[in-house]
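Below is one structure, written out as structure tokens, with a few remarks after it.
Atoms within a ligand are numbered from 1 in the order they appear, just like the ligands themselves. Being a predicted model, the structure only gives us computed values, none of them experimental.
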Amino acid sequence: MKRIYVDNAATTRVTETARRVFIETMDNTWGNPSSLHSIGQAAAETLLKARQDVAGCLNAPRERDIYFTSGGSEADNQALRTGAAMGKKKGKMHIVSTKFEHHAVLHCLKKLEKEGFEITLLDVGREGLVTPQQVEEAIRPDTCLVSVMFANNEIGTIQPIAEIGAVCRKHGVLFHTDAVQAVGHLPIDVQAMNIDMLSMSGHKFGAPKGVGALYARNGIWLTNIIDGGAQERGRRAGTENLPGIVAMAAALQEACANMEEHSKKVTALRDRLIEGLSQLPLTIVNGSLEHRLPGNVNVCFQGIEGESLLLLLDAKGIEASSGSACTSGSLDPSHVLLALGLPHEVAHGSLRLSLNQDNTEEDVDYMLKEIPQVVSYLRSISPVWEAIEKGEIHYAI
Ligand SMILES: *Cc1c(COP(=O)(O)O)cnc(C)c1O
């Protein structure tokens with residue numbers, strides 16, 4: 001059976017380039033970059049080159065402002081801990097973020113709250129967008145950090161990051177962005193956008209899992225999450241994951257070089273899917289259509305359960321998701337869809353299709369044929385569908 005992978009927001013297939021350099025690095029550059037002998041120094045040079053390449057793709061002014069981590073979650077935690085620690089020193093213990101951040105941000109903020117910080121989580125509205133005005137209004141004299149994600153992993157909405165960066169700079173508040181869904185997919189310039197700290201993760205753009213990076217501009221003294229040796233300028237201990245780092249740098253360069261072409265192709269596929277699926281009765285498209293990642297489709301079908309939909313779609317060869325991978329297995333609806341103001345019953349019927357450049361027109365044809373059939377079938381056996389269709393059950397949307 002044909003299998004269509006449309007869960008690229010959860011993870012991506014490793015690209016041919018990334019796979020090749022990963023293996024080459026393992027085979028040939030297996031030294032420890034901290035060693036002084038030749039094989040170690042070769043590894044150190046390779047590491048420096050990867051750091052320069054990543055810095056280049058983000059327009060970071062200095063390669064040493066890139067700190068390699070184990071992924072996006074670690075980078076998010078380190079950024080938040082850093083903003084909190086820098087604030088605490090000055091007696092500033094208020095942090096501004098949003099209701100629809102990734103759990104790597106939200107759960108870390110919960111902990112900081114227990115440690116005495118005050119957290120303001122901004123609403124994201126029906127469109128899934130935060131405005132610079134909201135951020136400005138939330139900033140107080142004791143605000144030490146603003147953290148707003150670049151693009152949302154469930155609904156794909158792109159935030160006005162440059163404008164938010166400008167607001168934060170104006171008020172002298174540190175600005176972090178979780179750019180895990182954006183890096184390699186959208187143009188990013190940390191200097192022009194006034195970004196102080198940025199998190200990224202390799203496996204969301206064709207590199208292997210378990211490698212990411214945190215950009216922190218000159219003058220930010222990162223708080224260690226992992227103590228030990230002096231790697232990453234003493235801010236992140238542990239022998240570097242060189243094959244992963246080199247593969248990530250290669251995947252990023254490749255993604256950035258092909259960004260325009262991929263974006264154009266994927267956007268066209270996305271728009272056809274959204275157009276087709278939104279024709280189905282009592283179906284809602286989630287998040288702004290205008291400010292949206294090229295590959296993101298997110299819809300709610302009233303009267304059905306996302307979990308049953310996923311299982312039936314998988315049986316048809318369609319590999320999708322109904323919210324974030326991290327919450328699948330739990331019965332709570334997605335916090336992102338609830339933040340949009342959707343009722344629980346509607347949020348339960350969500351489907352996320354996240355495309356990338358490997359998807360084709362044929363994939364879209366197939367999905368537009370199969371998904372409506374599966375939705376109709378599930379509605380036909382749903383205990384509430386008839387009442388919803390007749391208008392006896394009405395959800396405030
Ligand atoms: C995937 C993801 C993360 C976590 O990254 P990992 O490398 O899997 O730890 C964080 N934030 C967002 C927005 C993500 O999509």
Check whether any side-chain N or O of Asp53 sits under 3.5 Å from a backbone N or O of Gln253 as a donor-acceptor pair, and report yes or no. no
By the definition side-chain hydrogen bond (donor to acceptor under 3.5 Å, both in side chains), identify the one residue from Asn298, Asn286, Asp7 that meets it with Arg352. Asp7
In this structure, would Phe68 and Val190 fall into the same cluster of hydrophobic residues linked by side-chain contacts under 4.5 Å? yes
N/O to N/O below 3.5 Å, does that happen between Gly72 and ligand 1? yes
In short, salt bridge (charged side-chain N to carboxylate O under 4.0 Å, His left out) pairs touching residues 261-274 with sequence neighbours left out are Arg272-Glu361, Arg272-Asp365
Applying side-chain contact (heavy atoms from CB on, under 4.5 Å), run through Thr177 and Ser199 and close with a yes or a no. CA-CA 7 Å; Thr177 184; Ser199 312; over 6 Å; no
Cut-off 3.5 Å, side chains only: do Ser73 and Asp76 have a donor facing an acceptor? no
The one among Gly212, Ser73, Ala9, Ser201 that brings a heavy atom closest to atom 7 (O) of ligand 1: Ser201
Near His203, which atoms of ligand 1 are under 4.0 Å from a heavy atom of that residue? 6 (P), 7 (O), 8 (O)
Check ligand 1 against Lys204 and write out every atom of the ligand that is under 4.0 Å from a heavy-atom position of the residue. 1 (C), 2 (C), 3 (C), 14 (C), 15 (O)
Return the closest protein heavy atom for atom 3 (C) of ligand 1 as residue, atom name and distance. His102 NE2, 3.5 Å
Atoms in ligand 1 flagged as close to Gly71, the criterion being non-hydrogen separation under 4.0 Å: 7 (O)
Check this for me - ligand 1, Ser70, N or O atoms closer than 3.5 angstrom, yes or no? no
So for ligand 1, is Asn153 a polar contact partner (N or O within less than 3.5 Å, distance only)? no
Kindly indicate whether the side chain of Tyr395, heavy atoms from C-beta on, has any atom under 4.5 Å from the side chain of Gln302. yes
Specify the protein heavy atom at minimum distance from atom 11 (N) of ligand 1: its residue, its atom name, and the distance to 0.1 Å. Asp178 OD2, 2.7 Å
Is it the side chain (CB and beyond), the backbone, both or neither of Asp76 that lies under 4.0 Å from ligand 1, heavy atoms counted? side chain
Would you say the ring centers of His103 and His335 fall short of 6.0 Å from each other? yes
Mode of Met149 contact toward ligand 1 - side chain, backbone, both, neither (heavy atoms, under 4.0 Å): side chain
Using a 4.0 Å heavy-atom threshold (strictly under), name the region of Glu74 that reaches ligand 1: side chain, backbone, both or neither. neither
